[in-house]
**Student:** 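Below: one structure in structure tokens.
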Amino acid sequence: MKVMQAAVVGCGAIHTLHIEAIQSNPACQLRAIVETDPTKGLVLAERYGCRYYADYREMLCDAQIDVVHVCTPHFAHKEIILAALAAGKHVFTEKPVALNPGEVKEIKARLKTGTVRLGVCYQNRLNPSSQKIKERLESNTYGKVLSIKAVLTWSRSYDYYAQSPWRGSFATEGGSLLINQAIHTLDLMQWFAGGVKSLKGVVESSFLSAATQAEDTAIANMELANGARGIFYATNCNTTDSPLLLEIHCENGLLQLHHNNLWFISDNESQLLACDKIPDDAQKCYWGSGHQQAINNFYHSLQITDSHNYVDINQAEISLRMVEAIYQSSITRNWIDII
């Protein structure tokens, strides 16, 4: 099979996970990086042994490049994705795929005109706990799902926003907490439930009100597609990044993800089902360990025409609609339909 040539656009913290995944996969090879800071970009290109471009549009003229990885701030995603698709390149992008559902519509229209593919990095679906939960729920091991509760309490400082002024703005980030930190949790909730019908939520800005134009805290109740209730709470106002607390109440017991361990708890037993081990050298433990597998899955799907083992734009759009619905509901105080 052809070794696919890759380019990575944007060399912030997350790009290293893409580089490592590309370099460890025999099905692809790093051909180029794109970085607007030439000093940084040239140093990294020498380190990685690849070409350097300051402008992604120049990179797209390279006919040898097959796949473009988008690792830029949110506001640049749509523009780069549309240009890459128009140039006949496959795209693998960090979440969110776009700032809002309106931008998603533009990208979907472009995808319809070609044969290239777009994958979105929702790597937490590939955590051992997530895979085990999905497997047990699909096999109806514990009976009907009654509710899914998720609590995400992380910490973001004033410096976090000051160092990257695009963060915390609807114009450049698409919001704040919901679209950046909590979108993975929203995606997992709807994925486990087979989708979401409607929700009612509230956003608030409190401890970080001087640092961000958008929310630092959000809550929502949901009507999930499988008939279960969804209970969601997230904040960036904690003083540490606590692991996600997830509880799925089923007829015959409770699935509980606590401190990265997945337990099944019933009247008769407590059974450890999975453990999300985070690499010792991980830059940020809450990114999880699924980036490499997500990227490998995407490249495998490109090589096997009937394979679709990645998160496409239709799946990625659901959590983005959930984010927008929470914002709308916070204004109207009404339930908002998702589907």
Side-chain angles (χ1 to χ4, degrees), residues 1-11 14-34 44-45 48-53 56 59-72 77-78 80-98 104 107-128 130-131 134-135 138 184 187 191 279 287-318:
M1 283 187 273
K2 175 187 176 182
V3 176
M4 308 199 81
Q5 301 296 308
V8 174
V9 183
C11 293
I14 199 72
H15 93 281
T16 58
L17 297 180
H18 290 250
I19 298 291
E20 291 167 3
I22 293 167
Q23 292 181 330
S24 65
N25 188 339
C28 55
Q29 183 177 32
L30 181 66
R31 181 170 175 85
I33 60 168
V34 179
L44 290 175
Y48 300 141
C50 68
R51 299 184 177 192
Y52 164 69
Y53 295 95
Y56 76 87
M59 174 273 296
L60 291 176
C61 295
D62 185 344
Q64 298 300 312
I65 291 174
D66 302 295
V67 184
V68 174
H69 291 242
V70 180
C71 301
T72 64
H77 286 194
K78 185 194 76 168
I80 296 170
I81 290 169
L82 289 176
L85 295 175
K89 317 295 186 185
H90 301 290
V91 177
F92 188 82
T93 182
E94 278 294 321
K95 58 76 191 168
V97 64
V104 171
I107 297 171
K108 291 172 84 170
R110 178 61 56 82
L111 280 167
K112 289 180 180 178
T113 65
T115 59
V116 288
R117 297 193 184 191
L118 169 65
V120 186
C121 194
Y122 280 86
Q123 77 279 357
N124 287 350
R125 290 190 182 192
L126 298 171
N127 291 345
S130 300
Q131 291 289 302
K134 187 70 170 175
E135 169 201 318
E138 287 187 340
H184 284 293
D187 175 66
W191 185 55
W287 282 343
S289 56
H291 267 85
Q292 181 164 329
Q293 187 177 344
I295 291 169
N296 288 347
N297 288 350
F298 184 66
Y299 277 91
H300 182 261
S301 294
L302 296 180
Q303 300 279 17
I304 309 298
T305 56
D306 60 348
S307 174
H308 197 94
N309 189 21
Y310 62 92
V311 178
D312 63 20
I313 194 165
N314 294 314
Q315 297 175 63
E317 183 181 16
I318 300 171

**Student:** Taking all non-hydrogen atoms of both residues into account, name the closest pair between Cys121 and Ala294 and its distance.
**Tutor:** SG-CB, 4.4 Å
**Student:** Hey, does Glu317 have a side-chain heavy atom less than 4.5 Å from the side chain of Val97?
**Tutor:** no
**Student:** Calculate, to the nearest 0.5 Å, the distance between atoms CD and CD1 belonging to Gln123 and Ile14 respectively.
**Tutor:** 6.5 Å
**Student:** Taking atom CG of Asn25 and atom CG of Leu30, what is their separation to the nearest 0.5 Å?
**Tutor:** 12.0 Å
**Student:** Indicate yes or no: at least one non-hydrogen side-chain atom of Tyr53 is less than 4.5 angstrom from one of Asp62.
**Tutor:** yes
**Student:** Compare every heavy atom of Arg31 with every heavy atom of Ile65, then report the nearest pair and how far apart it is.
**Tutor:** CG1-CD, 3.7 Å
**Student:** Can you tell if the side chain of Val104 reaches within under 4.5 Å of the side chain of Ile313, non-hydrogen atoms only?
**Tutor:**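 A side-chain contact exists here, since the closest heavy-atom pair is under 4.5 Å.
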**Student:** Answer yes or no: is there an ion pair linking Asp187 with Lys95, defined by an N-O contact shorter than 4.0 Å?
**Tutor:** no
**Student:** Decide yes or no for Met4 and Gln303: does some side-chain heavy atom of the first lie under 4.5 Å from some side-chain heavy atom of the second?
**Tutor:** yes
**Student:** Spell out, as yes or no, whether a donor-acceptor pair under 3.5 Å connects the side chain of Arg110 to the backbone of Leu82.
**Tutor:**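 Yes, because the side chain of Arg110 sits within donor-acceptor range (under 3.5 Å) of the backbone of Leu82.
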**Student:** With a 4.5 Å heavy-atom cut-off, do Asn297 and Leu126 have their side chains touching?
**Tutor:** yes
**Student:** Anything under 30° is parallel, anything over 60° is perpendicular, the rest tilted; go ahead and classify Phe92 against Phe298.
**Tutor:** tilted
**Student:** Determine the minimum heavy-atom distance between Cys71 and Gly10, stating which atoms define it.
**Tutor:**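 Looks like CB-O, 3.5 Å.
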**Student:** Could you verify whether a donor N or O on one side chain and an acceptor N or O on the other, from His15 and Glu94, lie under 3.5 Å apart?
**Tutor:**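 Absent: no donor and acceptor within the cut-off.
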**Student:** So which atom in Ile81 and which in Val91 form the shortest heavy-atom distance, rounded to 0.1 Å?
**Tutor:** CG1-CG1, 4.0 Å
**Student:** How many angstroms lie between OH in Tyr310 and CG in Leu118, if you round to the nearest 0.5 Å?
**Tutor:**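 Rounded to the nearest 0.5 Å, the OH-CG separation comes to 7.5 Å.
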**Student:** Decide yes or no for His77 and Thr72: does some side-chain heavy atom of the first lie under 4.5 Å from some side-chain heavy atom of the second?
**Tutor:**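 They are in side-chain contact.
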**Student:** Over all heavy atoms of both residues, which pair between Val120 and Ala316 is shortest? Give the atoms and the distance, please.
**Tutor:**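 Minimum heavy-atom contact is CG2-CB, 3.7 Å.
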**Student:** Only one of Gln5, Lys2, His90 forms a side chain to side chain donor-acceptor pair (under 3.5 Å) with Asp66, so which one is it?
**Tutor:**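 Output: one option passes, namely Lys2.
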**Student:** Measuring from Lys108:NZ to Asp312:CG, what's the distance to the nearest 0.5 Å?
**Tutor:**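 These two atoms lie 9.0 Å from each other.
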**Student:** Calculate, to the nearest 0.5 Å, the distance between atoms NE2 and NE2 belonging to His291 and His18 respectively.
**Tutor:**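 Result: 4.5 Å between the selected atoms.
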**Student:** Got a second to check how far Lys89's NZ is from His69's NE2, nearest 0.5 Å?
**Tutor:** 13.0 Å
**Student:** To check you understand the geometry: which heavy-atom pair defines the closest contact between Ala45 and Tyr52, and what is its length?
**Tutor:** CB-CB, 3.6 Å
**Student:** Got Ile19 and Ile33 here, is their nearest side-chain heavy-atom distance under 4.5 Å?
**Tutor:** yes
**Student:** Indicate whether the side chain of Arg125 and that of Gln315 have a donor and an acceptor atom separated by less than 3.5 Å.
**Tutor:**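 Side-chain D/A pair, Arg125 to Gln315: present.
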**Student:** Would you indicate whether the side-chain heavy atoms of Thr93 and Ile80 approach each other to under 4.5 Å?
**Tutor:**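 They are not in side-chain contact.
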